[in-house]
Amino acid sequence: MTTRVVIVDDQAMVRAGFAALLAAQADIDVVGEAPDGAQGVELSRRTRPDVVLMDVRMPEMDGLEAARRLLSPPPGVTHRPRVLMLTTFDVDDYVYEALRAGASGFLLKDAPPADLIAAVRVVASGDALLAPSVTRRLIADFARQRPAARGKPALRLKALTERETEVLTLVARGRSNTEIAQTLVLAEQTVKTHVSRVLTKLDLRDRAQAVVFAYESGLVTPGE
């Protein structure tokens, strides 16, 4: 199955380089490029990609606002691509907000080519959060700067079984399905089923949002 990708970045050379790299893969089809968030949203609505590579800082409309518009579309728009943010370590708070908006993960712009290819495939599959340990640290650092939003997020945890809560806790700590299976002495397929149920019950898009939710609800706290 071919993964359709749109690249949104204000640097023409970055777009060209990413496009050439991804288009060379038999299972990836680059269906368009855009120089800013506004054009990226319009292009994505028109071409309906599976994954959007979205730069954080751009003129006209930044990547955060563009991600929000793609992942929370207006009535009548049903297509929601997976969004992979392109960033650097100096915009941590910004990336956190992108994850809260529904982005599936992030990738450093100077990452090796193989990491970009793998990232697109991982995000397209929806199977795992890209670079979970880095993302977990990023969210934990942000969470230290403000109290957990107990209220509604905490109440939503009551919908989970004890086992599902254990699984969510380990997901938030950056554990892979294999690691969770080993920790809880479960089959990996059983872990996948639990993760799927957690996402469904909490109305979360993917593991990235699950990590954010776990911190915001107070289930997991920085330093644990």
Heavy-atom closest pair, residues [X] and [Y]:
{"X": "Val6", "Y": "Thr47", "answer": "CG2-OG1, 3.6 Å"}
{"X": "Leu107", "Y": "Leu84", "answer": "N-CD1, 4.3 Å"}
{"X": "His79", "Y": "Pro49", "answer": "NE2-O, 2.8 Å"}
{"X": "Ile28", "Y": "Thr2", "answer": "C-CG2, 4.0 Å"}
{"X": "Val56", "Y": "Asp62", "answer": "O-CB, 3.6 Å"}
{"X": "Leu116", "Y": "Phe18", "answer": "CD2-CD2, 3.6 Å"}

Roughly how far, to the nearest 0.5 Å, is the [atom2] atom of [Y] from the [atom1] atom of [X]?
{"X": "Gln11", "Y": "Leu86", "atom1": "CD", "atom2": "CG", "value": "10.5 Å"}
{"X": "Glu65", "Y": "Arg69", "atom1": "CD", "atom2": "CZ", "value": "4.5 Å"}
{"X": "Arg207", "Y": "Ser104", "atom1": "CZ", "atom2": "OG", "value": "12.0 Å"}

Main-chain N/O of [Y] paired with [X] side-chain donor or acceptor, under 3.5 Å:
{"X": "Ser125", "Y": "Val122", "value": "yes"}
{"X": "Asp36", "Y": "Ala38", "value": "yes"}
{"X": "Thr200", "Y": "Ser196", "value": "yes"}
{"X": "Arg4", "Y": "Asp29", "value": "no"}

Stepwise, does the side-chain contact (heavy atoms from CB on, under 4.5 Å) test hold for Ile117 with Leu22?
CA-CA 7 Å; Ile117 297 168; Leu22 294 174; 4.3 Å; yes
Are [X] and [Y] packed together at the side-chain level, in the sense that at least one heavy-atom pair is separated by less than 4.5 angstrom?
{"X": "Arg156", "Y": "Leu204", "result": "yes"}
{"X": "Thr161", "Y": "Arg197", "result": "no"}
{"X": "Thr169", "Y": "Arg175", "result": "no"}
{"X": "Glu164", "Y": "Leu168", "result": "no"}
{"X": "Leu184", "Y": "Thr190", "result": "no"}
{"X": "Leu160", "Y": "Leu202", "result": "yes"}
{"X": "Leu186", "Y": "His194", "result": "yes"}

Verdict with supporting geometry, Gln25 and Val120, side-chain contact (heavy atoms from CB on, under 4.5 Å)
CA-CA 11 Å; Gln25 311 307 309; Val120 169; over 6 Å; no
Test side-chain contact (heavy atoms from CB on, under 4.5 Å) applied to Val8 and Met61, Glu33, Met58, the passing residue
Met58
Verdict with reasoning, Leu219 to Phe213, per side-chain contact (heavy atoms from CB on, under 4.5 Å):
CA-CA 8 Å; Leu219 176 66; Phe213 178 89; over 6 Å; no
Would you call Glu42-Arg45 a salt bridge at under 4.0 Å N-O?
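No, this pair does not count.
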Looking at residues at least two apart in the chain, or sitting in another chain, which of them share a side-chain hydrogen bond (donor to acceptor under 3.5 Å, both in side chains) with Thr178?
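Here the qualifying residues are Glu188.
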Applying the side chain to side chain donor-acceptor pair (under 3.5 Å) test to Asp9, which of Arg15, Arg57, Lys109 qualifies?
Lys109
From CA spacing to verdict: side-chain contact (heavy atoms from CB on, under 4.5 Å), Leu70, Met54
CA-CA 11 Å; Leu70 287 175; Met54 183 76 73; 3.8 Å; yes
